[in-house]
Novice: 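Quick one: the structure is below, and I'll ask about it shortly.
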Protein chains: 2
Amino acid sequence: MATIKDVAQKSGVSVATVSRVLNEKGYVHEETRAKVVQAIQQLNYSPNEVARSLFKRESRLVGLLLPDITNPFFPELARGVEDELQKQGFRLLFGNSDEDPVKEQAYIHTFLQNQVVGLISATQASKELNDKPPALPTVLLDRTHDGSYTVYADGKEGGRIAARELIKRGSHKVTVLKGPSHIQPVQDRFQGAMEVLGNSNVDFHVIHTTSFTYEEAEQRAKELFSCYATTDGIIASNDITAAAVLHEALRIGKSIPEEVQIIGFDDIPLSRLLFPSLSTIRQPAYEMGSQAAQLLLKLIKKEQVTAQHIQLPVTFVERNTTRKVKEHG
Amino acid sequence: MATIKDVAQKSGVSVATVSRVLNEKGYVHEETRAKVVQAIQQLNYSPNEVARSLFKRESRLVGLLLPDITNPFFPELARGVEDELQKQGFRLLFGNSDEDPVKEQAYIHTFLQNQVVGLISATQASKELNDKPPALPTVLLDRTHDGSYTVYADGKEGGRIAARELIKRGSHKVTVLKGPSHIQPVQDRFQGAMEVLGNSNVDFHVIHTTSFTYEEAEQRAKELFSCYATTDGIIASNDITAAAVLHEALRIGKSIPEEVQIIGFDDIPLSRLLFPSLSTIRQPAYEMGSQAAQLLLKLIKKEQVTAQHIQLPVTFVERNTTRKVKEHG
DNA sequence: TCTCTATATGTAACCGTTTACACATAATTT
DNA sequence: AAATTATGTGTAAACGGTTACATATAGAGA
């Protein structure tokens with residue numbers, strides 16, 4: 001690999017001058033610039049980012065911390081983040097935390113050691129961040145937290161919508177599957193659904209799940225249909241869970257959506273592939289990632305940011321696990 | 001952030017000594033070490049990876065290049081890679097290429113600028129790699145290439161198995177959906193299926209797809225059932241395509257697997273969630289990622305590697321889009 | 001003409017590590 | 001006792017960039 005010294009030598013100038021043409025900063029005579037540019041091309045030189053980072057005390061890397069890329073909601077987020085960052089010349093240092101605080105800290109620590117310019121985290125990554133006074137620019141994704149910059153979808157409204165749609169479409173005995181309660185957005189969804197359900201006159205009950213694994217969802221689905229055989233509407237904590245419920249419902253011969261309606265949450269790519277395709281509350285995952293990246297970029301560049309919290313709207317995606325509502329009922 | 005100098009000062013020794021205790025290299029008196037360790041703890045010091053990388057001329061970062069993390073096959077791969085690397089203290093620099101050579105080169109270039117120790121690529125990343133004589137340790141994942149280290153699944157055998165299983169289960173008019181032909185493993189699958197189909201006495205025909213998007217798959221599925229209404233067995237190019245076909249088949253009222261059998265490829269998490277759940281040829285994606293990481297680690301450490309190419313077996317996952325084969329036919 | 005400023009370039013310090021080398025002392029050999 | 005060898009530590013030069021500062025020339029304004 002050629003270094004800046006090689007370029008300086010070849011073009012007969014000092015390294016300072018080369019650096020100036022590289023960074024288009026300070027005065028450089030046009031002829032000199034031409035010579036330098038030529039030398040750069042001949043040597044196929046490109047600057048060493050590591051040396052640059054060392055001096056500047058920051059890299060062009062951004063840390064991205066996710067719970068688990070294997071959960072189909074997160075690739076969309078990640079893609080949104082990446083595409084936006086990539087456009088502006090930043091790269092991603094990536095880690096899965098599995099919601100494990102130890103892993104999480106370990107990743108943040110190495111991110112810091114690698115002098116990332118910023119961090120986007122879809123985990124509870126709170127501690128390390130708020131401790132350090134010369135804090136790393138950070139955006140929380142799909143999480144809320146007063147003191148931080150955040151980008152998230154309106155989970156509470158999502159929960160409300162889900163409940164309303166189910167009621168509107170004639171469900172009378174609703175089951176709500178509540179996800180792991182330590183995850184903030186999950187709580188919100190649940191609260192929203194409770195709010196509407198509580199103000200309605202339908203029966204409802206709640207089944208609690210402790211993870212987002214398909215295995216557990218399968219288990220809960222079986223319970224659901226054996227304990228509450230007359231349930232005719234299900235609000236799942238996310239689409240994976242909804243898929244498990246749907247699968248089990250079909251397996252035991254329920255007709256969907258005639259006997260049982262199901263609404264999921266997230267609108268992961270899988271949802272439309274199910275049969276019947278899954279009605280769900282859509283979170284604009286890609287958009288969320290993209291917004292988070294844009295916000296972070298502003299923080300990094302110390303540009304004016306108008307909002308500390310960006311809440312994106314959720315929408316009801318009507319597919320075929322809910323009944324059609326007749327016009328002018 | 002405290003530096004090694006701060007630690008040296010606080011513990012009353014030189015930076016060289018601190019470096020020695022940090023790296024457990026060279027002689028350090030036990031008492032001195034204790035003093036240094038204490039200073040490190042008091043200052044909450046941890047070494048700057050960037051400075052270290054600069055001097056060593058290599059970082060502890062590994063580049064991971066994927067076509068598109070949004071395609072559900074790749075998160076599993078990525079997770080396999082990450083988990084293995086993470087254990088050994090390496091971090092991931094991550095990029096999606098969208099199979100676009102320009103993006104691909106751009107990523108490899110910045111990986112190089114950041115002095116990654118190695119590269120794992122699930123794209124055609126050939127050029128830049130083989131050009132450079134002081135080559136970056138590289139492992140190709142899910143791709144084959146004679147001159148490189150590779151980890152991949154036995155696609156050809158997968159194709160054969162798919163065809164055999166379909167025939168064994170009584171399909172007489174098989175349709176093969178052939179994926180984008182510039183992607184090597186896709187070709188292999190196709191070749192394998194052709195081999196078995198060609199030596200059998202079933203009718204078959206081929207429909208060509210140019211992408212792995214669900215939208216195109218949907219389109220092709222419609223074509224399939226309108227042009228070849230009597231098809232009773234379908235080999236899809238991957239599980240996404242298979243899902244689209246299944247969806248369309250159900251929509252037009254075919255009974256699965258009685259009238260039509262379907263076999264996918266990959267066994268992505270979605271596959272078991274479909275209804276009927278999808279029979280498919282499983283690639284051990286996580287394992288592939290993990291193996292690739294292990295191989296790369298060996299290359300990096302210049303350990304003896306026994307095999308340049310690691311081919312992992314595929315397996316038939318029997319679910320419910322294929323008929324049961326009766327014992328003792 | 002003299003000063004001031006804009007243009008152009010080089011020198012050297014610095015970013016935070018690692019390590020070759022020098023040096024000193026203690027423990028072993030011979 | 002002399003010669004090795006092992007142990008322990010510091011000095012300073014890298015690594016490959018950036019930039020403050022010094023210096024020099026040319027044109028502009030007084």
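Lettering of chains follows the sequences in order, A, B, ..., and the numbering in each one begins at 1.
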Novice: Taking only the side-chain nitrogens and oxygens of B:Tyr27, find out if one of them lies under 4.0 Å from OP1 or OP2 of D:dT7.
Specialist: yes
Novice: Assess whether atom NZ of B:Lys301 is packed by more than 12 heavy atoms of other residues, nucleotides or ligands within 6.0 Å.
Specialist: yes
Novice: Tell me: NZ of A:Lys35 to C1' of C:dA8, nearest whole Å?
Specialist: 12 Å
Novice: Does A:Val50 reach a base, just sugar-phosphate, or nothing at all? Heavy atoms under 4.0 Å.
Specialist: nothing
Novice: Kindly point out which of C:dT11, D:dG8, D:dG16 is positioned nearest to the side chain of B:His29?
Specialist: D:dG8
Novice: Hey, which of B:Ile268, B:Ile69, B:Thr70, B:Leu66 is the one that makes side-chain contact (heavy atoms from CB on, under 4.5 Å) with B:Pro75?
Specialist: B:Ile69
Novice: Tell me yes or no: between the side chains of A:Thr123 and A:Glu104, is some donor less than 3.5 Å from an acceptor?
Specialist: yes
Novice: Between A:Arg79 and A:Glu287, is the closest basic N to carboxylate O distance under 4.0 Å?
Specialist: no
Novice: What is the distance, rounded to the nearest whole Å, between atom CZ of A:Arg57 and atom P of D:dT19?
Specialist: 11 Å
Novice: Just the rounded figure in Å: distance from P of C:dA6 to CD of A:Glu30.
Specialist: 21 Å
Novice: Could you check how far CG of A:Leu54 sits from P of C:dA13, rounded to whole Å?
Specialist: 17 Å
Novice: Mind checking whether B:Tyr149 and B:His309 have side chains closer than 4.5 Å, heavy atoms only?
Specialist: no
Novice: Can B:Gln113 and A:Asn48 be counted as having a side-chain donor-acceptor contact under 3.5 angstrom?
Specialist: no
Novice: Just call it for A:Thr32: base, sugar-phosphate, or nothing, with non-hydrogen atoms closer than 4.0 Å on any strand.
Specialist: sugar-phosphate
Novice: Side chains of B:Val305 and B:Leu295, heavy atoms from C-beta outward: is any pair under 4.5 Å?
Specialist: yes
Novice: What is the bend of the helix from C:dT1-D:dA30 to C:dT30-D:dA1 when you compare the axis at one end with the axis at the other, using five pairs each and rounding to 10°?
Specialist: 40°
Novice: Could you encode protein contacts along nucleotides 17-22 of chain C as a string, one character per nucleotide from 5' to 3', using B for base contact, S for sugar-phosphate-only contact and - for no contact, with a heavy-atom cut-off of under 4.0 Å?
Specialist: BBBB--
Novice: Check this for me: does any side-chain nitrogen of one of B:Glu82 and A:Lys103 sit under 4.0 Å from a carboxylate oxygen of the other?
Specialist: no
Novice: Using atom CG of B:Leu112 as one end and atom P of D:dG16 as the other, report the distance to the nearest whole Å.
Specialist: 14 Å
Novice: Provide, to the nearest angstrom, the distance between the CD atom belonging to A:Glu31 and the C1' atom belonging to C:dT7.
Specialist: 14 Å
Novice: Please determine, by modelled atom types, if B:Ser148 and B:Thr150 share a side-chain donor-acceptor pair under 3.5 angstrom.
Specialist: no
